[in-house]
Amino acid sequence: MNNGWAQTASEAIPDPQTLLNYRCASNLSTQQANAVLSPNPSFVRVLAGPGSGKTHVLVSRVQHLIEDENVSPENILCITFTNKAAKELRNRLERTMGADVSRAITAGTFHAVAARILRKHVEKVHEALERTADFTIYDSDDSKAVVRDILVEKLGQTKKSAAPLPMKNFISSAKSSMKTSVNVNARTAMDSALRMKARGGSSNSDVDDDDRRRKSSSSSSSSSSSSLSSSSAGIALLREQFDIVWSEYEQKLREANSFDFDDLLSAVVYLFENRRDAKRYLQNRWSHVLVDEFQDTSLAQYEMIRHLGEKAETLFVVGDADQAIYGWRGAEVANIRSRFDDDFRNAQTFRLTTNYRSTATIVSAARAVIQQSEIPSALMSWDAIKEGGQDVAVVEAGDEREEGAFIATQVKQMLKDAEKKTNSSSTGGSSNGNRDDSLEGLRKKDIAVLYRTNTQARALEEAFVRAGVPHVVVGDQSFYGRKEIKDLIAYLRVASNSSDGVSLRRVINTPTRGIGEKTVEKLEEWVSRCEAPSLGAALFDRAWAKNSDSDDPDHEILPSAKDMGITARARNSVLAFAKTLIEIRKTADTVSNPGEVLKKVVAMTDYENHVKDKDDANERWGHVAELIQLATDAEENLAENDIEGGGGTNTTSKSPKTTLAAFLEGVSLLSSSEATHGNEMFDDEEDESRKERADAVKLMTLHASKGAEFDVVFIAGCEDGLTPSARANESAEERDEEVRLFYVGVTRAKKKLYLCHASTRRRFGSKPEVRTRSPFVDAIADALGQSGNSNILKPKVPKSAKPARKNTSTFDWKKRIVVDAEESASGGGAGGHGDDEKARRLRRARQSVAKATGIDANSIEF
DNA sequence: CTGGCCTGGCTTTTT
DNA sequence: GCCAGGCCAG
Ligand SMILES: Nc1ncnc2c1ncn2[C@@H]1O[C@H](COP(=O)(O)OP(=O)(O)OP(=O)(O)O)[C@@H](O)[C@H]1O
């Protein structure tokens with residue numbers, strides 16, 4: 001560490017010649033190069049608008065550290081907002097610096113990095129956390145299940161009246177608004193959550209709405225947006241419930257040797273606060289820390305960075321307060337606005353003021369949007385370098401199907417035009433200066449359709465399938481949400497961590513084996529009677545036996561039926577289950593490939609038969625096969641991501657258990673990996689067919705689009721009440737977050753932006769509702785309309801865009817294909833009575849390709 | 001205990 | 001228009 005500590009920004013700037021050389025070599029503006037080259041030790045904050053090259057600067061900084069400063073890649077930690085972004089960052093580094101480098105740096109989300117830290121260090125804080133290295137990560141569904149059980153068991157609610165989701169969200173708010181939730185009592189947690197809600201984030205009326213509903217279930221007043229949260233009665237009731245739920249929830253997760261998402265961060269912060277040795281170790285390990293999208297960090301995340309950054313050579317954070325869109329889940333803009341500056345007194349701030357991404361027209365549109373903020377943003381000067389033209393279109397459709405049809409047809413047309421242009425190989429841009437609106441060479445992956453709510457994806461996807469345009473729904477959770485997938489994952493979880501109660505209970509009677517609800521209840525009573533730490537321990541590890549002499553080879557797995565308080569018949573079923581799981585666990589302990597373990601699970605449980613009973617047998621079995629494939633491939637991918645591997649000191653050869661735990665961690669944390677699959681991942685690949693498959697139009701939420709960019713962007717559902725959401729309308733902060741969200745969406749577009757809205761839209765399956773155009777679109781129309789020649793196009797929605805054969809074809813949602821009425825009738829239940837194996841496999845393959853390519857399943861040839 | 005059929009509640013946004 | 005939970009017959 002040299003003495004350059006107290007440098008001011010201007011002193012820190014490298015000499016002009018170096019700067020110039022560097023700029024030329026790496027394609028950076030002066031502003032950007034200044035940030036990139038800031039000498040170590042450096043505490044840098046880059047504040048800049050969309051498309052100004054923040055991520056570009058962050059990547060360049062990494063490159064600079066490695067190439068010019070001789071920093072070892074192992075010592076670099078990059079934190080991104082999504083797993084997708086982490087992967088992209090790795091890809092970019094791989095392209096410029098090779099696979100060895102990109103593999104050696106640590107890149108991941110806060111949660112992924114926290115999980116890795118804990119795998120190695122949790123047991124150092126065992127006294128407080130009571131977790132071991134093979135802990136399970138509970139996803140939202142798992143947490144919800146835990147809360148539901150508590151509501152039913154401890155608060156005497158029925159399964160139906162219980163509303164676990166708002167309570168779970170409230171717990172999550174509490175956790176993300178504190179530095180750490182470890183050892184915090186219910187009262188403190190609740191106060192913290194309430195403060196966060198009051199500060200502006202999101203509405204907290206959900207919890208109270210629920211209480212109200214339960215109390216007076218007859219009145220279905222839907223228009224009640226008045227928040228009961230401010231009423232002391234509401235608070236009191238909530239507090240009463242929360243007191244019980246909070247401590248019970250924490251207890252249950254401890255018993256299950258599990259962390260929820262928020263716990264991962266809390267646990268790491270607790271570790272840093274209490275174990276200097278671990279903190280030092282990690283500070284040394286990652287002496288260079290870089291964080292993208294810093295405006296959306298929570299307090300716990302900020303703390304993680306603060307601890308790691310204390311001794312860092314480089315602490316480099318990048319963000320834009322105008323793009324903060326996660327206030328509703330506890331992100332605090334103050335982290336980038338002021339906290340960073342306050343805590344790191346010698347921090348330098350760099351600003352970037354050029355937008356390299358979008359045309360001037362799109363930049364103007366974006367400006368018009370952000371000016372809608374009620375609490376004005378400190379919008380910095382910010383200019384486009386790309387000349388503008390008629391780049392923004394407003395499209396009105398009759399309803400959501402027509403909207404989808406328009407988008408899909410328009411996409412198809414643009415792709416066709418682009419191909420024509422490319423083929424006729426026009427010898428170059430007729431001199432129109434900086435204006436590059438040619439969509440020549442436009443590829444499907446350069447097009448995105450963005451929307452506010454996930455449900456909108458349905459109509460849009462249907463339109464793309466009908467039009468035969470290949471597409472991916474980014475962030476689609478549906479695969480991991482499937483019953484058969486959850487079942488099998490639950491088996492793996494129990495094998496990995498037998499304390500995992502949620503998974504054990506899911507699996508104990510799937511496939512059904514005569515262990516019903518009553519039996520499970522009795523088993524639980526038995527577990528507490530014999531003071532075993534968990535049901536899993538009692539069933540598989542003889543934790544019911546008082547004497548610990550379990551080495552006796554003749555010992556019984558379970559005691560007598562009488563001791564267990566169940567019938568002999570039930571005991572037989574339970575014993576068979578226990579044996580099955582012990583066997584599976586043995587495999588998991590010795591075989592390092594998760595796919596092999598899965599195969600064992602399927603074999604031991606006769607899962608194929610279980611699946612074959614159902615009518616969607618082929619479909620389901622196909623998913624099982626897919627999961628096995630995924631798990632089989634996982635082993636090699638996981639090797640890349642080991643944080644302790646490259647450090648030099650600890651080259652632990654990975655045990656099968658570690659590999660399995662890592663695979664499961666991946667499943668919980670990065671279920672959006674599917675999306676990455678369809679992206680740039682295979683873009684450099686030789687294999688043309690893979691490349692072809694990776695090229696698809698992207699459908700995603702506005703939230704998921706953060707950080708990305710596309711030549712052509714469609715924003716669907718630009719209607720008041722949807723975008724902006726009617727549910728984020730209780731405070732200026734909430735409304736402003738909607739403004740910023742739309743701003744993010746608009747600024748994803750490089751060349752063309754289509755703002756689509758429907759004059760009527762169906763909610764659920766009911767009657768179409770009349771909708772009005774979003775005020776955001778009005779603002780853009782006003783702003784662009786004034787600027788002389790109207791830059792707004794108004795394409796006609798062609799009537800032919802409507803699906804032609806409305807009555808003869810239906811859309812099969814499970815398979816995502818259009819099914820002809822006749823064919824589906826004659827094809828029977830597609831169950832394949834007389835089908836020989838070959839035909840069945842072919843059909844399955846067609847269906848999965850149909851989804852990825854958008855081609856009608858029946859027309860696919862192999 | 002199991003499975004099939006019926007009902008109501010639901011839709012912001014995500015690691 | 002979907003899914004989880006409830007209800008009921010075997
Ligand atoms: N100096 C430069 N010259 C030319 N193009 C640049 C330059 N810097 C960045 N770009 C390009 O501008 C685009 C936007 O860059 P980048 O994604 O890094 O911006 P960002 O600030 O992270 O945006 P956002 O805030 O929207 O995520 C990219 O396509 C990038 O290649």
Side-chain angles (χ1 to χ4, degrees), chain A residues 79-86 108-115 137-141 143-145 148 152 158-165 169 172 175-176 201-203 206 210 213 217 220 222 259-265 293 296-298 300-301 325-331 450-459 475 477-478 481 483 509-520 567 569-570 573 613-615 665 668-672 700-706 717 721-729 734 737-738 740-742 744-745 762-766 811 813-814:
Chain A
I79 297 196
T80 56
F81 199 73
T82 60
N83 297 296
K84 198 175 52 168
T109 61
F110 278 101
H111 292 88
V113 171
I137 299 169
Y138 274 8
D139 65 25
S140 307
D141 274 353
S143 307
K144 206 168 73 185
R148 205 218 302 109
V152 172
T158 67
K159 278 189 176 173
K160 200 159 186 192
S161 77
L165 191 66
N169 287 339
S172 181
K175 289 185 175 181
S176 53
S202 58
S203 142
D206 39 7
D210 176 62
R213 196 183 313 129
S217 52
S220 62
S222 60
F259 288 118
D260 66 21
F261 285 143
D262 304 299
D263 288 338
L264 294 171
L265 309 172
E293 310 281 9
D296 272 321
T297 49
S298 69
Q301 294 173 155
I325 54 178
Y326 282 93
W328 55 273
R329 73 167 198 209
L450 311 182
Y451 38 83
R452 179 66 239 259
T453 64
N454 283 305
T455 41
Q456 291 174 257
R458 254 163 212 281
Q477 296 282 118
S478 57
K483 223 177 82 58
N509 202 30
T510 323
T512 47
R513 46 170 75 89
I515 310 177
E517 212 175 326
K518 275 270 134 59
T519 305
V520 173
T567 65
R569 190 184 157 138
S573 307
D613 293 344
K614 313 276 163 46
D615 28 338
E665 179 180 310
S668 304
L669 247 36
L670 96 197
S671 3
S672 57
M700 69 183 98
T701 62
L702 288 161
H703 281 91
S705 76
K706 184 163 79 158
L722 182 60
T723 321
S725 167
R727 309 186 72 144
N729 197 20
E734 279 187 7
E737 191 150 290
E738 294 293 304
R740 293 192 296 269
L741 183 59
F742 198 75
V744 166
R762 223 172 296 259
R763 249 195 318 178
F764 316 131
S766 60
F811 196 71
W813 263 104
K814 286 276 155 53

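Throughout, a chain's letter reflects where its sequence line sits, starting with A, and its residues are numbered from 1.
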Sugar-phosphate, base or nothing in reach of A:D139, heavy atoms under 4.0 Å: nothing
Integer-rounded Å distance: B:dT15 P and A:H111 NE2: 9 Å
Sugar-phosphate, base or nothing in reach of A:N509, heavy atoms under 4.0 Å: sugar-phosphate
d(NZ, A:K144; C1', C:dC3) in whole Å: 11 Å
Phosphate contact (B:dC1 OP1 or OP2) by A:T519 side-chain N/O below 4.0 Å: yes
B:dT14 phosphate, OP1 or OP2, under 4.0 Å from A:N169 side-chain N/O: no
Test item: A:T297 and A:Y326 side chains (from C-beta on) under 4.5 Å apart, heavy atoms: no
Residue-phosphate contact under 4.0 Å: A:N83 side-chain N/O, B:dT14 OP1/OP2: no
Sugar-phosphate, base or nothing in reach of A:R148, heavy atoms under 4.0 Å: sugar-phosphate
pi-stack flag for A:Y326 and B:dT13, centroid dist under 5.5 Å, interplanar under 30°: no
A:D262-A:S172 side chain donor-acceptor pair, cut-off 3.5 Å: yes
Per A:T512 side chain, nearest of listed nucleotides B:dT14, B:dC1, B:dT2: B:dT2
Sugar-phosphate only, base, or nothing, as touched by A:T109 at under 4.0 Å among non-hydrogen atoms: sugar-phosphate
Which nucleotide in B:dC1, B:dT11, B:dT15 has an atom nearest any side-chain atom of A:T455: B:dT11
Distance, rounded to the nearest Å, where A:L165 contributes CG and B:dT14 contributes C1': 12 Å
Atom-to-atom span, CD1 of A:I79 to P of B:dT15 - whole angstrom: 15 Å
Exam field: side chain A:K84 to backbone A:A704, donor-acceptor pair closer than 3.5 Å: yes
Under 4.0 angstrom between A:S140 side-chain N/O and B:dT15 OP1 or OP2: no
Candidate nucleotides B:dT13, C:dC2, B:dT11, ranked by approach to the side chain of A:R458 - the nearest: C:dC2
Selected nucleotide, minimal atom distance to A:T82 side chain, candidates B:dT13, B:dT15, C:dG1: B:dT15
Sugar-phosphate only, base, or nothing, as touched by A:R513 at under 4.0 Å among non-hydrogen atoms: sugar-phosphate
pi-stack flag for A:F764 and B:dT11, centroid dist under 5.5 Å, interplanar under 30°: no
